[in-house]
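Residue numbers begin at 1 in each chain, while the letters A, B, ... track the order of the sequences. Note that the structure is a prediction, hence the values are computed from the model and not measured.
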Number of protein chains: 2
Amino acid sequence: MNVSRKCQYALRAIYELSSRLGAGPTSVAEIASVQAIPPRFLELILRQLRQGGFVESRRGVSGGYLLSVPPRSLNVGAIIRFIDGPIGPVQCTNRNDEAFCSLEGERAFMGMWSRVRDAVAAVYDETTFQDLIDEKNATGQYVGSYCI
Amino acid sequence: MNVSRKCQYALRAIYELSSRLGAGPTSVAEIASVQAIPPRFLELILRQLRQGGFVESRRGVSGGYLLSVPPRSLNVGAIIRFIDGPIGPVQCTNRNDEAFCSLEGERAFMGMWSRVRDAVAAVYDETTFQDLIDEKNATGQYVGSYCI
DNA sequence: CCAATACCATACTAATATGATCGGAATAAT
DNA sequence: ATTATTCCGATCATATTAGTATGGTATTGG
């Protein structure tokens with residue numbers, strides 16, 4: 001359930017675009033520079049995010065990328081799932097590896113894995129990019145409370 | 001923050017030993033068979049767990065492994081940390097990769113990463129192996145509530 | 001037009017982590 | 001002594017990750 005570096009790059013890129021809302025397209029080079037992301041790699045990531053409908057692109061001189069959704073209605077969980085796949089501590093809690101799940105010894109752990117998955121998903125799904133911007137401006141003192 | 005397969009093996013092994021409490025040593029072959037774990041790999045894992053003080057070993061005929069701590073006072077978090085290292089969605093929240101953390105763009109995310117880490121750790125640290133045995137006997141209907 | 005700038009697509013590679021195995025030595029119960 | 005078992009160090013194999021390379025195609029300002 002680790003968030004891959006690629007995904008962290010994606011999140012930072014989206015965050016950067018969120019903070020530049022309404023300022024026209026931002027180039028890959030600009031985002032890469034500000035967020036310290038390998039430019040070619042970022043190009044790859046942004047293309048993928050575009051195919052997922054999270055960003056739009058403008059070609060040509062003074063082109064770049066724009067957020068295609070307001071930061072308030074875009075949450076972190078959507079990006080993480082899109083880049084890294086299902087959220088959860090083990091494959092077992094992600095509906096596909098049934099063979100693995102059916103293992104006798106695994107049954108005792110299923111409840112715990114589910115609780116972890118739900119707790120993590122709750123945090124990611126309830127954190128929008130607007131929240132991230134707000135939180136940063138509040139110098140990171142805010143600590144939310146999440147119950148499952 | 002994914003729990004590696006190796007770690008899942010370790011947890012299942014400890015769980016198996018927990019359920020056989022007071023029944024003398026259990027051999028690697030026996031545990032491997034019941035829990036469907038590659039035997040040689042399990043051997044490696046149990047040795048490691050022994051060095052961590054979680055289990056004891058008896059050599060020779062009718063030897064094997066025993067839990068060295070009562071299941072009630074051994075929690076899942078301890079095993080996961082021992083096998084997989086610090087719990088957390090990114091390296092950044094584990095006090096060592098300061099260079100990575102100090103990155104300007106990462107600041108906005110720190111609060112979220114911390115909340116995820118704490119939520120996950122809470123579940124793991126509050127689940128003992130006795131809980132797992134109880135939960136299984138209760139046919140897995142139990143769903144706990146965890147707040148941070 | 002045309003040259004600069006940006007996006008697009010695929011393939012490739014290097015490094016790292018993970019998962020698992022091997023051969024044999026030490027130990028202890030019978 | 002024999003046999004079942006743990007113990008030890010090394011090694012292999014594979015998958016994933018992270019990032020690069022190459023070679024385009026589209027758009028726009030001048």
Side-chain angles (χ1 to χ4, degrees), chain A residues 1-13 17 24-33 35-66 68 80 83-86 89-91 97 100 103, chain B residues 1-13 17 24-33 35-68 80 82-86 89-92 94 97 100 103:
Chain A
M1 200 194 340
N2 252 322
V3 176
S4 71
R5 186 169 299 202
K6 178 182 177 184
C7 187
Q8 293 176 52
Y9 290 157
L11 293 173
R12 296 223 301 270
L17 291 179
T26 309
S27 73
V28 173
E30 174 72 10
I31 300 172
S33 166
Q35 289 287 339
I37 301 170
R40 301 290 268 171
F41 196 27
L42 178 58
E43 191 182 315
L44 207 72
I45 293 164
L46 281 168
R47 218 190 311 147
Q48 194 175 340
L49 287 171
R50 181 180 155 277
Q51 285 168 348
F54 299 103
V55 299
E56 296 170 21
S57 62
R58 297 277 183 276
R59 304 175 81 145
V61 174
S62 77
Y65 284 92
L66 305 124
S68 59
I80 291 180
I83 299 287
D84 278 351
V90 294
Q91 301 303 76
D97 204 339
F100 193 66
L103 217 154
Chain B
M1 200 197 337
N2 251 323
V3 176
S4 71
R5 185 167 299 200
K6 178 182 177 182
C7 187
Q8 293 176 53
Y9 291 158
L11 293 172
R12 296 224 300 271
L17 291 178
T26 309
S27 72
V28 171
E30 173 72 11
I31 300 171
S33 165
Q35 288 286 340
I37 301 170
R40 298 307 295 261
F41 195 29
L42 178 58
E43 189 183 315
L44 202 74
I45 294 164
L46 281 169
R47 241 188 296 146
Q48 195 176 338
L49 288 171
R50 178 178 155 278
Q51 286 168 345
F54 299 104
V55 298
E56 296 171 20
S57 63
R58 299 277 184 275
R59 301 174 78 151
V61 174
S62 76
Y65 285 91
L66 305 125
L67 212 61
S68 58
I80 291 180
F82 181 69
I83 299 288
D84 278 351
V90 295
Q91 302 302 74
C92 197
N94 315 331
D97 204 339
F100 193 66
L103 216 153

Nearest 0.5 Å please: distance from the CD1 atom of A:I45 over to the CD1 atom of A:I31.
-> 10.5 Å

Rounded to the nearest angstrom, tell me the gap between atom [atom1] in [X] and atom [atom2] in [N].
X: A:Q51; N: C:dT10; atom1: CD; atom2: C1'; value: 12 Å
X: B:R50; N: D:dT6; atom1: CZ; atom2: P; value: 12 Å
X: B:E30; N: D:dA4; atom1: CD; atom2: P; value: 15 Å
X: A:I45; N: D:dG19; atom1: CD1; atom2: P; value: 8 Å
X: B:Q48; N: C:dT18; atom1: CD; atom2: P; value: 12 Å
X: B:Y9; N: C:dT18; atom1: OH; atom2: P; value: 14 Å

For B:L66, enumerate each residue passing the side chain to side chain contact (heavy atoms under 4.5 Å, CB included) test, keeping only those at least two apart in sequence or located in another chain.
-> B:P25, B:R58

Test item: [X] side-chain N/O and [Y] main-chain N/O as donor-acceptor pair under 3.5 Å:
X: B:E43; Y: B:V28; result: no
X: B:D84; Y: B:C7; result: no
X: B:S57; Y: B:G64; result: no
X: B:Q48; Y: B:I83; result: no

Name the residue closer to the 5' end of DNA chain C, choosing between A:R58 and B:L42 according to the nucleotide with the nearest heavy atom.
-> A:R58

Nearest-neighbour nucleotide for the A:R5 side chain, D:dA18, C:dC7, D:dT5 considered = D:dA18

Please name the pair of heavy atoms, one in [X] and one in [Y], separated by the smallest distance, quoted to 0.1 Å.
X: A:G53; Y: A:S68; answer: O-OG, 2.8 Å
X: B:Y65; Y: B:L17; answer: O-CD2, 3.5 Å
X: A:L42; Y: A:A13; answer: CD1-CB, 3.9 Å

Residue whose closest nucleotide on DNA chain D lies nearer the 5' end, A:S62 versus A:C7 | A:C7

Give a yes/no on whether any side-chain N or O of B:S57 is located under 4.0 angstrom from OP1 or OP2 of D:dC7.
-> yes

What's touching nucleotides 13-15 of chain C from the protein side, N or O pairs under 3.5 Å?
none

Counting primed atoms, P, OP1 and OP2 as sugar-phosphate and everything else as base, the B/S/- map of nucleotides 20-27 of chain D against protein heavy atoms under 4.0 Å is B-BB-BSB

